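Note that the structure is a prediction, hence the values are computed from the model and not measured. Residue numbers start from 1 in every chain, and the chains themselves are labelled A, B, ... in the order their sequence lines are given, proteins ahead of strands.
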There are 2 protein chains.
Amino acid sequence: MTRPQLSPTPRSTIKRGKERAVADRAALDAVLDAGLICHLSVVIDGSPLVLPTGYGRDGDTLYLHGSSGALTLRTAALDNDICVAVTHLDGVVYARSMFHFSVNYRSAVVHGRARLVTDEAEKMHGLQVLTEHLAPGSWEHSRKPNAKEMAKTSVLAMSLAEASVKMRGGPPADEDEDIDANTAWAGVLPIAQRWAAPVPSPDLAPGWEIPAHVTDRYASRG
Amino acid sequence: MTRPQLSPTPRSTIKRGKERAVADRAALDAVLDAGLICHLSVVIDGSPLVLPTGYGRDGDTLYLHGSSGALTLRTAALDNDICVAVTHLDGVVYARSMFHFSVNYRSAVVHGRARLVTDEAEKMHGLQVLTEHLAPGSWEHSRKPNAKEMAKTSVLAMSLAEASVKMRGGPPADEDEDIDANTAWAGVLPIAQRWAAPVPSPDLAPGWEIPAHVTDRYASRG
């Protein structure tokens, strides 16, 4: 069985560092699913604007959301090209030479246009996907949005058809002369996002145990 | 004594969530200095492109660097507007209502144009700033770039004059009715980037102790 592959367009074809490009569709999903926020970029009056934004994935659809007044989302909703990046930093690569200092990372970049979700049922579904991405188990636990809150929120849907994935892992790639010279240490200092212990809200009524969907996430440490 | 303030332009004036805007110049420096990579956005053929990129700060100057062939850097070097975002995710905010789910974060966004650094001494200085940002203590420890490596690397310099900082911290901001209803848990699940134990390169000659500038960083855990 062949694994589904990304089909690069000129825009999503990785030109630099091809050895770090990954064409596997499952890799794209994995990078997106492991992230909590994306960086959404739009063009406003010819200038780029990039802001951190919430997202979630449902199959081949990337949902974005935010205040219906947010400039990035309003621009994205007007059938303009947008670009979304999700990046995981996995380590700092200490090389023998400055030139080979690097970072280990997993990066996904998605190009395309977004569609403003206006159908109420799809919008509610999109919000569920977004909430479950940010805070799994919360959709059933917390109060669903009411009509007023729905109106204040924009949900955009974007296809994952045009995307690229790039990764670097492992030790530094030093020059042979520098390895032989042996005048500097070389290795990787790994870094990872870790959960800390949940902090109940100061205005929470007494008697609450922290729910399992929160404690389990913390216990996973990842 | 008045602390230096950011002077917002129309582009760097925060329009949404003003209560989360920070106008303190020291806050901008703190957000930038605490990050390891930025997201650099440029406009190519009218479409936005955003990619993770290395950076470092020296006073009022942000240095960016990468392969001299990288499309983002080549575009940025052509006196085009660029936008740089550095974002720290500090926690997931679990609210009583979906609408108030949020993240705690610190975010800096810088607008402007970059200057390709062509003076060799300034370029070397920029590389030192970038290296010391990514891996403090490494500039003295490792081999400096040679002429061939300098030619393969582009360094850009950008002013921090046009920038904005936005932060969210603390517990969820639920509606009074939801707090009174007391039907859902509310609180914050903090998240932070943490170093793990250094991994020496497999091709490192025997006898190396891991240098203090690496072990100290790991020991700081932050």
Return the [atom1] to [atom2] distance between [X] and [Y], rounded to the nearest 0.5 Å.
| X | Y | atom1 | atom2 | result |
| --- | --- | --- | --- | --- |
| A:His141 | B:Tyr94 | NE2 | OH | 10.0 Å |
| A:Ile37 | B:Thr87 | CD1 | OG1 | 5.0 Å |
| A:Tyr218 | B:Leu189 | OH | CG | 9.0 Å |
| B:Ser47 | A:His111 | OG | NE2 | 9.0 Å |
| B:Cys83 | A:His39 | SG | NE2 | 9.5 Å |

Of all residues at least two apart in sequence or in a different chain, which pass the side chain to side chain contact (heavy atoms under 4.5 Å, CB included) check with A:Ser142?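 Side chain to side chain contact (heavy atoms under 4.5 Å, CB included) list for A:Ser142, sorted by chain: B:Met98, B:Phe101, B:Ala184.
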Heavy atoms, side chains only, cut-off 4.5 Å: are [X] and [Y] in contact?
| X | Y | result |
| --- | --- | --- |
| A:Val103 | B:Leu36 | no |
| A:Asp81 | B:Pro48 | yes |
| A:Leu204 | B:Arg96 | yes |
| A:Asn182 | B:Trp208 | yes |

Give, as side chain, backbone, both or neither, the part of [X] having an atom under 4.5 angstrom from any heavy atom of chain B.
| X | result |
| --- | --- |
| A:Gln128 | neither |
| A:Val50 | both |
| A:Thr183 | backbone |

Only pairs of heavy atoms separated by less than 4.5 Å count here; which of [options] has the most with chain B?
| options | value |
| --- | --- |
| A:Asp45, A:Val93, A:Ile82 | A:Ile82 |
| A:Ile44, A:Leu49, A:Leu51 | A:Leu49 |
| A:Ile210, A:Val109, A:Leu127, A:Leu40 | A:Ile210 |
| A:Leu130, A:Thr131, A:Val214, A:Asn80 | A:Val214 |
| A:Ala192, A:Ala205, A:Gly91 | A:Ala192 |

Return the option, out of B:Glu149, B:Met150, B:His100, with the maximum number of heavy-atom pairs under 4.5 Å with chain A.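 The answer is B:Glu149.
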Engaged part of B:Trp185 at the chain A interface, taking heavy atoms whose separation is under 4.5 Å: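 When you check distances to chain A, atoms from both the backbone and side chain of B:Trp185 fall under 4.5 Å.
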Taking all atoms of both residues into account, what is the closest heavy-atom pair of A:Pro190 and B:Val199, and its distance?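 Looking at all heavy atoms of both residues, the shortest contact is CG-CG2, 4.0 Å.
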How close do A:Leu134 and B:Ser102 get, counting heavy atoms only, and between which atoms?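 Smallest heavy-atom distance, with atoms named: CD2-O, 3.8 Å.
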If the contact rule is any heavy atom under 4.5 Å from chain B, which residues of residues 174-181 of chain A qualify, in numerical order?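 Hits under 4.5 Å: A:Glu175, A:Asp178, A:Ile179.
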Using side chain to side chain contact (heavy atoms under 4.5 Å, CB included), reason through A:Asn146 and B:Phe99 one step at a time and then give a plain yes or no. CA-CA 9 Å; A:Asn146 60 32; B:Phe99 184 71; over 6 Å; no
